[in-house]
Structure formats: structure tokens, C-alpha cells
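The next block holds one structure in the form of C-alpha cells; read it before the comments.
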Amino acid sequence: MRKTMWCALVCASMGMSGASADDALLISGFGTVGAVRTDTDEVQFVRYNQAKGVKKGWGIGTDTNLGVQADYRFSERLSGTVQVLTRRTTSTSFTTELTWGFIKAKLNDDFSVRVGRTALPIFMISDYQNVGYANTMMRPPVELYAAAPIENSDGADLLYQHSFGDTTVSGQLTVGVSQGKLFVPAGGGSVGKYRAPLVGLSLSAERGPLTVRVSHLRTDFGADNVTPLNAVVAGVTAAGFPQLGRDLTLAGGKRVSFSEIGLSLNQGKLVVQAEYGMRRDLEPSYLPELDSWYAMFGYRAGKFLPYYAHSSIKQTGRSVVLPAGFPSSGPLYNAVAVSFMTAPEQTSDQIGLRWDFAAKAAMKVQIDRLKPLKKTGSLIFGPAAGWTKPVTAIGVSVDYVF
């Protein structure tokens with residue numbers, strides 16, 4: 001199956017799979033060919049939810065991907081969309097997944113409804129975060145996007161769009177279930193399956209070059225096969241703290257919320273993009289509460305766009321209180337309070353250059369300077385005591401659409 005999908009994707013990217021004679025069908029796609037390396041072999045640099053990163057040697061798995069999308073118009077008011085994406089995430093090899101698959105019905109000039117698999121309306125660039133050509137930076141800042149790594153929902157959403165003079169207002173209400181895999185770097189790394197019934201609301205206003213967007217997501221996030229977490233829960237239960245074990249676990253689901261506000265400005269030569277997100281626990285779980293943000297500034301000069309960004313993620317609280325009598329140090333304390341209840345804080349700076357050398361292709365060079373503050377930050381497979389030394393990553397990519 002994987003080999004067949006790869007062949008289909010490669011054929012599409014070479015232009016061998018175009019639109020049929022029926023104009024109702026449209027085939028399009030996108031891709032990135034990228035390579036990254038760092039200045040250390042002590043830790044690995046990754047995007048969010050990746051099980052394998054890069055060290056000093058150049059690696060292509062961090063940013064390289066290939067996506068194909070098919071849109072079919074059944075009538076003026078009914079259409080369907082399917083999108084598949086090949087990339088490297090929770091597996092150490094490239095895998096192909098269905099990222100979109102929905103039927104869309106236009107109810108009237110303002111409202112539409114979609115049923116199937118859609119992108120969650122969490123971030124400014126949720127709909128196109130994997131399309132490198134559509135983004136200024138080489139990759140979404142991991143500090144913000146790792147705080148809410150679930151991307152898709154199986155269910156339904158209601159879309160609204162209306163123009164009030166020069167301002168266009170849009171809204172998206174999503175109800176569904178997100179299911180997938182998450183990579184947990186603790187304990188040498190493991191992959192757990194999650195299931196998350198959810199409801200999300202996104203509102204945006206666009207006026208000329210300025211777009212402002214707010215979103216809120218609530219989910220009952222559950223995972224019962226996260227090996228290192230299950231071991232910790234069993235350990236504290238055996239040590240005589242069963243309530244702590246029930247508080248820490250994700251088995252059965254725990255209610256979590258994520259709120260975000262973002263803006264983008266693309267006016268003449270100036271390009272600005274910023275987002276601020278907050279993750280909060282609505283009932284006790286091991287998940288640390290976080291505030292994360294980034295701000296990016298660019299200046300367009302012909303086909304070149306140099307840019308700079310700063311990102312940050314910090315822990316704001318814990319929803320689990322360690323009970324009286326729980327050890328304040330030692331292996332059990334470290335396993336609970338440090339490994340799981342402490343967030344991997346960090347800041348980073350990105351400087352890069354985008355060159356639109358062709359009509360549908362762009363080359364990017366980006367340098368990331370990461371500064372882990374707690375544990376190993378967003379880096380993975382560091383020393384047991386953590387890694388708080390700065391790390392520099394250098395990346396080169398070519399993004400294209402077809």
C-alpha cells in the first residue's frame with residue numbers, strides 16, 4: 001500500500017496525473033525537499049510529533065513532504081475533497097496518511113457545511129501548515145505548534161463567511177473526533193494512540209492586508225497505551241497514592257482546552273505574522289499548562305524575503321497536586337514531577353531568507369538558534385539530566401506547488 005501511494009504521489013508531482021476531461025475534477029499538490037543539520041550530536045532537532053530528528057549530519061526527514069489533493073464538483077453547491085500527505089512523523093520512516101477527506105455542501109451565500117475529515121481550526125495556518133510554499137518560514141515554530149499537535153477531526157463543521165464593507169468575517173464551528181498517534185520522547189521514546197472528542201470555534205476578520213484570528217478548542221483527550229505514563233501510574237499506585245495515579249493518567253480521557261489569537265499583515269514589502277496560544281487543563285492530568293507564542297517579521301525585496309522570528313514556550317501551572325507524604329526527591333519524584341509534570345520550556349530565534357525563483361517554487365535558507373530552558377526543550381533524546389545548552393540548526397529547502 002505504501003509503495004503504491006508513493007508511486008501515485010511521484011507521478012502526480014511530475015505532472016503525469018492531471019485533470020480529467022471532466023472539468024469538475026481538479027488535481028493539485030504541494031511538496032518540500034529539505035535538508036537540516038545541527039552543531040551537536042548530543043540531541044536531535046525535530047518538528048513537533050516527530051520520532052526521529054537530525055544531529056550534525058544532514059537529514060532530509062525533518063521538512064521533506066509530498067501532498068496530493070483531488071477536488072471534485074458534483075454540482076454548484078456540492079463538492080468533495082481528498083488530500084493525502086507523505087511525511088515523517090511518529091515513525092522513523094516516511095508514511096502516507098489521509099489528511100483531508102470531506103463532502104462540502106453550500107447552504108447559501110454565507111454558510112457551508114463539511115462532513116468528513118477536516119483540518120482543526122486551531123492556528124492561523126491550520127489549513128496550510130504543511131504547505132511550505134504557502135508559508136514564509138521553513139516550518140511552523142515548534143514552541144507553539146507542539147502545544148496542540150492534533151491536526152485533524154473526523155466529524156462535521158459549519159463555515160460562515162460574509163463581507164461587511166471592506167471587512168470579511170469568517171467563522172468555523174467544528175464538532176468531531178480526532179484520532180491518531182503521538183510521539184512521547186520520555187523513557188527513550190514511545191508512540192501512543194489517542195482519541196479526542198472535540199468541539200472547536202474559530203473566528204477571523206480580514207480587512208485589506210490585515211487578518212486577525214481567534215480560536216478556542218475543547219477536547220476530551222484520552223490515551224491508554226502510553227507506555228512510560230502507564231509505568232509511572234502503576235508506580236505511584238503501588239507506592240500508596242492511587243488518587244495521584246488517577247489524576248495523572250489519560251485513560252478514559254481528560255478535558256483540555258487550547259485558546260489562540262493570531263494576526264498577519266502583508267502590506268507592500270512588510271510581512272508580519274504572530275500567534276499566542278494557551279493550553280489549560282479542565283480536570284487533573286499530567287499535561288502541563290502552557291503559554292506559547294511567536295512573532296515573525298519579514299521585508300520583501302523583489303523575489304527575496306529575509307525574515308526574523310522569535311518563539312517561546314513556558315509552563316504556567318499544574319493541574320495535579322502532589323499529595324501529602326509524597327517524596328520531595330528521589331526516583332519516584334523525578335519520574336512524576338520532572339519527567340511528566342514539568343514542561344520542556346525553551347525560546348528560539350529564527351533568521352531566514354526566502355527566494356521565489358520560479359512561478360510555483362521557492363527556496364529557503366533558515367538558521368534556528370534554540371535555547372532549552374528546562375529538560376531538553378523541544379529537542380529529543382538528550383542526556384538523562386536534560387540539555388540546556390544552545391543548539392544551532394541550519395536548513396535548506398525547496399517548496400513547490402503543482
Side-chain angles (χ1 to χ4, degrees), residues 1-2 4-31 65-87 95-134 150-164 168-180 196-204 206 211 213 215 217 359-360 400-402:
M1 174 64 181
R2 184 181 302 170
T4 302
M5 186 65 72
W6 259 109
C7 291
L9 293 175
V10 171
C11 290
S13 68
M14 296 174 61
M16 298 171 64
S17 176
S20 71
D22 185 354
D23 291 337
L25 176 64
L26 174 65
I27 304 293
S28 60
F30 58 89
N65 68 14
L66 182 59
V68 172
Q69 180 171 319
D71 297 281
Y72 190 82
R73 189 179 69 253
F74 298 99
S75 67
E76 289 298 320
R77 293 187 175 275
L78 188 66
S79 62
T81 296
V82 174
Q83 183 188 98
V84 292
L85 176 64
T86 297
R87 57 179 173 173
T95 57
T96 301
E97 60 188 313
L98 177 69
T99 46
W100 288 0
F102 59 83
I103 296 294
K104 180 180 179 180
K106 186 176 182 180
L107 305 180
N108 55 40
D109 291 341
D110 294 335
F111 289 94
S112 299
V113 63
R114 300 186 299 183
V115 177
R117 175 165 294 184
T118 59
L120 277 175
I122 302 177
F123 301 109
M124 284 285 295
I125 61 172
S126 287
D127 282 345
Y128 53 92
Q129 62 177 296
N130 296 308
V131 185
Y133 183 80
I150 57 178
E151 297 182 8
N152 309 107
S153 171
D154 297 327
D157 61 8
L158 179 67
L159 307 176
Y160 168 80
Q161 186 175 78
H162 188 84
S163 294
F164 300 88
T168 299
V169 176
S170 302
Q172 181 178 349
L173 174 64
T174 300
V175 178
V177 177
S178 181
Q179 301 182 80
L198 57 87
V199 58
L201 177 64
S202 170
L203 300 172
S204 66
E206 180 179 355
T211 300
R213 187 177 183 278
S215 66
L217 174 73
K360 296 183 179 181
Y400 58 93
V401 294
F402 55 89

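In this structure, CZ on Arg117 lies 10.5 Å from CD on Glu151, to the nearest 0.5 angstrom. Rounding to the nearest 0.5 Å places CG of Asn108 at 9.5 Å from OH of Tyr160. Rounding to the nearest 0.5 Å gives a distance of 7.0 Å between CG of Leu158 and CG of Leu107.
Gly67 and Phe402 get closest at one heavy-atom pair: O-CZ, 3.8 Å. Of all non-hydrogen atoms in Tyr128 and Ala134, the two that sit nearest each other are CD1-CB, 3.7 Å. Between Arg73 and Asp23, the closest heavy-atom pair is NH1-O, 4.1 Å.
When only modelled atom types and interatomic distance are considered, Ser163 and Thr168 share a side-chain donor-acceptor pair under 3.5 Å. For the residue pair Thr99 and Gln83, a side-chain donor N or O sits within less than 3.5 Å of a side-chain acceptor on the partner. Using modelled atom types and a 3.5 Å distance limit, the side chains of Thr86 and Thr96 yield a donor-acceptor pair.
Asn130 places no side-chain N or O within 3.5 Å of a backbone atom of Leu85 that could act as its donor or acceptor partner. Although no hydrogens or angles enter the test, the distance criterion places no donor-acceptor pair under 3.5 Å between the side chain of Arg77 and the main chain of Ala105. A donor-acceptor pair is defined here as one N or O able to donate and one able to accept, closer than 3.5 Å; such a pair exists between the side chain of Arg213 and the backbone of Ile122. Proximity of a side-chain donor or acceptor of Ser126 to a complementary backbone N or O of Leu120 within less than 3.5 Å is detected. Between the side chain of Ser178 and the backbone N or O of Asn152, at least one donor-acceptor pair lies under 3.5 Å.
Here Glu97 pairs with Arg87 in a salt bridge; the nearest charged N to carboxylate O distance falls below 4.0 Å.
Between Leu173 and the choices Val199, Asp157, Leu203, the side chain to side chain contact (heavy atoms under 4.5 Å, CB included) rule is met once, by Val199.
In this structure the side chain of Leu66 reaches within 4.5 angstrom of the side chain of Tyr400, judged on heavy atoms.
In this structure, Tyr72 and Phe74 have perpendicular ring planes: the angle between them is above 60°, well past the 30° mark.
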